[in-house]
Amino acid sequence: MRRWIATALFELGLAVICLAGAVYSWSHARRVTGFVTSDEHPGFEAVRYVPPLLLLATALVIVAGVLAIDAVARVVTGSVALRSAEPMS
């Protein structure tokens, strides 16, 4: 297998792993706290978001995007290089 193909596949795999980590981080960034009713106040739920997990999810999506763009660029330039290296008949 050519080296640029292996590198592109590795980058795509790493991008998928980053996206999976971003989904996990994003889904666990929300904390819900329930408050019971008191004398004259009704019960309610408060939602709190955890900023570090949201930041981690955002960074992982950015890294996955850069890796995917780089993998596509490697595939395109590799296929162009193969076509230009073929002898003309």
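The chain is numbered in sequence order, starting from 1. This structure is a prediction, so every number in the text was calculated from the model and none was measured.
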Which other residues end up in the same hydrophobic cluster as [X], if Ile, Leu, Val, Met, Phe, Trp and Tyr are linked when side-chain heavy atoms come under 4.5 Å apart?
X: I17; value: none
X: L60; value: L56
X: L67; value: F10, L14, V63
X: V32; value: W26, V47, Y49, L54

> Is the side chain of S25 donor-acceptor paired with the backbone N or O of L53 at a distance under 3.5 Å, no angle test?
Replying inline: yes

> With distance as the sole test, does E45 use its side chain to make a donor-acceptor pair with the main-chain N or O of T33 at under 3.5 Å?
Replying inline: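 A pair under 3.5 Å: no.
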
> How close do A68 and L12 get, heavy atom to heavy atom, and via which atoms?
Replying inline: CA-CD2, 4.3 Å

>> Could you work out, with side-chain contact (heavy atoms from CB on, under 4.5 Å) as the rule, every residue matching Y24, not counting sequence neighbours?
In response: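 In terms of side-chain contact (heavy atoms from CB on, under 4.5 Å), with neighbours along the sequence ignored, Y24 is linked to H28.
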
>> If the test is side chain to side chain contact (heavy atoms under 4.5 Å, CB included), which one of D70, V72, V75 qualifies with E11?
In response: D70

>> Walk me through whether T7 and R74 qualify under side-chain contact (heavy atoms from CB on, under 4.5 Å).
In response: CA-CA 8 Å; T7 305; R74 284 184 192 274; 3.5 Å; yes

>> Filter on salt bridge (charged side-chain N to carboxylate O under 4.0 Å, His left out), then keep only pairs touching residues 17-31, sequence neighbours left out; what's left?
In response: none

